[in-house]
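Each remark here refers to the structure printed beneath this line.
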Amino acid sequence: MQDSELLEGLNDEQAAAVTHEGSGLLILAGAGSGKTRVLTTKLAWLIKERGLDPYSILAVTFTKKAAGEMKERAIALESRAAYANIRTFHSFGAYCLRRYWQEAGVDKNFTVYDDDDSASLLAKAIPGIKKSEAAILAKRIALAKDYGLTPDDDLSVLDGGDGVFAVQYRSYQKRLEQTGNVDFGDLILLPYITLKNNALLRSDIHRRYRVIMVDEYQDSNIAQFLLLKELSGVEEGAPTYVCVVGDDDQSIYKFRGAEVQNILNFRDNFPGSDLIRLETNYRSTDMILSCAASLVSNNSGRLGKNLCSARGKGKKPTLVFLPNQDDETEFCADMIENSLNKGGAYSDWAILYRTNAQSLGFESCFLHRKIPYTLVGSLKFYEREEIKDLLSWLAFVANPRDEIAFRRIVNKPARGIGPGSQDKIVDAAFGKPLTETLDSVKLSKKAGEALKDFFSIYKTFTDFLDENKDSELKLSEFIRLIVEKSGLKEHYESQDEISGSSKSDNMEELASSALFYSCSKEGLLDFLDHIELDRSLENPEGEEKKDAVTLITLHNTKGLEYKKVIITGMESGIFPRQDKTGADLEEERRLFYVGITRARDELYFTSCASRRLYGRTSFMLPSPFLSELGKNNFRVLGQEPAAFVSYDNDPIAKKYCKGACLYHDEWGQGYIVEAFYSEENNYVIGVKFDGSSGIKRFLPKFQSKDLLIVK
DNA sequence: CCCGTCGTTATTTTT
DNA sequence: TAACGACGGG
């Protein structure tokens, strides 16, 4: 067995992880340590060498891209891996709900609402709420679901204790149930609740899945953990083998409900599990890893590991101090052009930043200097107006109770069915199909006629699906029919003409992407599941890959690598953001760690002395993270500021740290929202006082008498 | 319905 | 600064 050709070329730890059996396994896989290789080899090994039925293997990842890659690579090693269930967490949830829709209490033909749809629904569920408030509340509900909480649970963590949130959450959920649809959170939460309450279903699942693997476990949320517990039957003594892979140092999605404790406590929750560390890094040079190690050692509560490069010492990373953000963009452009003259490629380079807004300067500079770039994660294809309209038509055909889809399309192009009429129609339906409201709703003559027309168009679509369900016709044809007959084509063609956009082309692109789906209700649902769960970063039929510099947020770089990486905006207040303290600051540090470990050969940091922020030019100080990289691990270019921000060595800074509550005779109670050193190297704090909006600034060094720390 | 104007507000976002 | 949403007039 040990001689299996699958194990060739693996190091000892990797081989041990692949062949491990028994009672659960946590693989702590450092950045670039070949974790996908281990996972895929393990999949192949289980089937080939251990004779496991691929049908009994479930492997979940977080992104569609990762799932696709895992599947492809596993199949390359062992063709029967094609029958294993390799999916994203959410796609697996959707699969469960499609299968057990009755038990879960959802519509057989449910579709998935995205965050935008949820906010729209919420605006209707809670009358009088503002759109911006609805979006915030929708986020909070999504977070509750990530935490595994229903309206009936103790919601005090999200609530502030007055119970208002529970009421809002319940109204939203009720309205959602009337549509028959689910939101992203439900894709995890509903399967969990259904399993928890249904022993029969549970034992079915436990019989089927003998092996469950989870990738990127450090970014799983509580709901996902709860679901995993039910799926594995760990508390009922089911013999499921659970293997999770992750890196606690790369957990960067706490704000979205990810729970690092899942990976830190894995061995308590799955008793008797073993731990294997993958610490050989095949991606980056040693100097880069030294920076990363030095930085992340400032975090507490880590499982801990020592990454060792398999690629030698390499070049020292470089920290560059620049006067302002324009110099920063020009400097990056210069470096890229220089490297190209020496025979490099644009695509060797990636420019990383903390916030999307920072891409703007690079875009205009690169445009000007004719440096090709790809902007990752800006306006996503499926979030474009025309695509959402078209998808709403598809969703409404699939499920005529879909209030949000209905509202989106019923008056576009304008038919004279405004918001008021829409409300009447939805109220009349009261959770029944909206297409059956024609007789029960009282509308103006004009709106009534228009609705009749609208429903007759709708009927030609459903008829078309019925008539062609057994034909060879593809779903693409159906979508083209909708584009044509819904009026969207005309509507957007005239817009394209005026503004030079390509909205009708985009709709055609969506149609052609449905070429491999059958022209039937099943094909339609399949297609909707597929795209709703694949908001991947690339355009679908992506233009052929050109040689270009990548502009990308730090968050979006997870799992990616580049030869040469520039991490920009290394300034206190930007990265880390100024309001980060404690556990949040540690997450920012991990984000920096992720950024650093994306680089294969060359790594640069840029830090500006001043930056235009919200219309003002602000003086910036270097990010405190820079002083954590280890003095000897990098070299410095440009004019180094007099002092690095160091909160540790200054007793005043320690006392007046960010987040601290204080009391001021004149202003009352407040808390410190920003803290930095001024040009004269004085420690400055910004305080937000209760009952006043702006931020007041003070110099604690001179004003300590007036600034009493409360807590 | 479309367009201008004013006011508000500035994270990160696998699904 | 700039970008976006809300709102009111044509």
Side-chain angles (χ1 to χ4, degrees), chain A residues 60-69 87-94 112-118 130-136 138-139 142-143 145-146 182-189 215-221 223-224 246 250-258 325 352-361 364 376-380 382-383 411-416 418 491 494-495 498-499 529-537 552-560 569 573-580 584 587-588 590-592 594-595 611-618 693:
Chain A
V60 289
T61 65
F62 279 81
T63 66
K64 176 94 185 188
K65 199 174 165 192
E69 191 183 338
R87 294 167 171 275
T88 66
F89 240 123
H90 288 85
S91 140
F92 176 73
V112 183
Y113 279 151
D114 67 14
D115 299 347
D116 233 36
D117 301 331
S118 293
K130 277 197 227 128
K131 217 179 167 188
S132 57
E133 290 169 343
I136 292 166
K139 250 183 212 169
L143 201 57
K145 291 184 175 183
D146 288 342
V182 300
D183 58 23
F184 275 126
D186 285 344
L187 290 176
I188 307 296
L189 194 56
D215 193 12
E216 303 278 16
Y217 192 64
Q218 78 281 354
D219 282 325
S220 58
N221 60 37
Q224 286 162 336
Q250 293 188 63
S251 168
I252 54 173
Y253 283 105
K254 178 167 177 254
F255 69 94
R256 264 187 88 119
Q325 60 190 355
L352 278 49
Y353 36 80
R354 176 65 234 270
T355 65
N356 278 311
Q358 287 167 260
S359 76
L360 227 78
S364 51
V376 176
S378 54
L379 187 58
K380 294 178 189 113
Y382 295 114
E383 279 162 21
N411 204 29
K412 198 177 222 179
R415 294 182 176 86
H491 179 77
S494 60
Q495 252 192 46
I498 298 163
S499 60
D529 271 359
H530 183 83
I531 52 180
E532 199 55 61
L533 302 174
D534 180 19
R535 313 319 213 52
S536 61
L537 303 172
I552 189 168
T553 62
L554 283 144
H555 280 89
N556 270 328
T557 61
K558 198 167 84 172
L560 305 176
I574 299 241
F575 190 30
R577 286 187 61 79
Q578 76 261 355
D579 49 344
K580 303 284 178 174
D584 289 343
E587 178 148 307
E588 293 277 294
R590 289 193 292 269
L591 185 59
F592 190 24
V594 168
R611 183 176 289 275
R612 285 188 306 277
L613 271 177
Y614 310 141
R616 266 205 307 274
T617 300
S618 318
S693 52

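We use all heavy atoms of the structure for the numbers below, so side chains are in, but hydrogens, waters and symmetry mates are not. Below, read A as the first sequence line, B as the second, and so on, with proteins coming before strands; counting in each chain starts at 1.
- Between A:R577 and A:D584, the closest side-chain pair of non-hydrogen atoms is not below 4.5 Å.
- Rounded to whole Å, the distance from CD on A:Q358 to C1' on B:dA10 is 13 Å.
- Whole-Å rounding puts the A:F592 CZ to B:dT12 P distance at 18 Å.
- Among the nucleotides B:dT12, B:dT15, B:dA10, the one closest to the side chain of A:Y614 is B:dA10.
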Practice item. Run the numbers on A:T61 and A:F89 for side-chain contact (heavy atoms from CB on, under 4.5 Å), then give the verdict. Key: CA-CA 6 Å; A:T61 65; A:F89 240 123; over 6 Å; no
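- Side chain of A:K64, nearest nucleotide from B:dT15, B:dT14, B:dT12: B:dT15.
- Across B:dT15, B:dT14, B:dT11, the shortest atom-to-atom separation from the side chain of A:F62 is found for B:dT14.
- In this entry the distance linking CD of A:E216 with P of B:dT15 reads 12 Å, nearest Å.
- Ion pairing between A:D186 and A:K145 holds under the 4.0 Å rule for side-chain N and carboxylate O.
- Protein atom NZ of A:K254 is 14 Å distant from nucleotide atom C1' of B:dT11, rounded to whole Å.
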Review point. A:Q250 and A:E216: side-chain contact (heavy atoms from CB on, under 4.5 Å), yes or no, with the steps?
Key: CA-CA 9 Å; A:Q250 293 188 63; A:E216 303 278 16; 5.8 Å; no
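- Between the C1' atom of B:dT8 and the NZ atom of A:K130 lies a distance of 11 Å, rounded to the nearest Å.
- Between A:N356 and B:dT13 there is a side-chain polar atom (N or O) within less than 4.0 angstrom of OP1 or OP2.
- When rounded to the nearest whole Å, the span between NE2 of A:H90 and C1' of B:dT13 equals 12 Å.
- A:D215 approaches A:F62 most closely through the heavy-atom pair O-CE1, 3.2 Å.
- Distance from the side chain of A:T553 is smallest for B:dT13 among the nucleotides B:dA10, B:dT13, B:dT15.
- Between C:dG5 and B:dT12, the distance separating the two P atoms is 15 Å to the nearest Å.
- Among the atoms of the strands shown, base atoms are found under 4.0 Å from some heavy atom of A:K139.
- The footprint of chain A on DNA chain C, defined by a heavy-atom cutoff below 4.0 Å, extends from C:dT1 to C:dA6.
- Counting heavy atoms from C-beta on, the side chains of A:T355 and A:I574 never come closer than 4.5 Å.
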Practice item. Kindly indicate, with the supporting measurements, whether the criterion side-chain contact (heavy atoms from CB on, under 4.5 Å) is fulfilled by A:L591 and A:H555. Key: CA-CA 7 Å; A:L591 185 59; A:H555 280 89; 3.4 Å; yes
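- Residue side chain A:R577 does not reach the base of B:dT12 through any donor-acceptor N/O pair under 3.5 Å, judged by distance alone.
- A residue-by-residue look at A:R256 and A:I252 shows that A:I252 has its nearest nucleotide of DNA chain B further toward the 5' end.
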Point to revise | A:E588 vs A:L554, side-chain contact (heavy atoms from CB on, under 4.5 Å): CA-CA, chis, key distance, verdict | key: CA-CA 10 Å; A:E588 293 277 294; A:L554 283 144; over 6 Å; no
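- In this structure, A:H555 places its NE2 atom 10 Å from P of B:dT14, rounding to the nearest Å.
- A:Y253 comes within 4.0 angstrom of a nucleotide base, judged by non-hydrogen atoms across all strands.
- A straight line from CZ of A:F255 to P of B:dT12 spans 9 Å, rounded to a whole angstrom.
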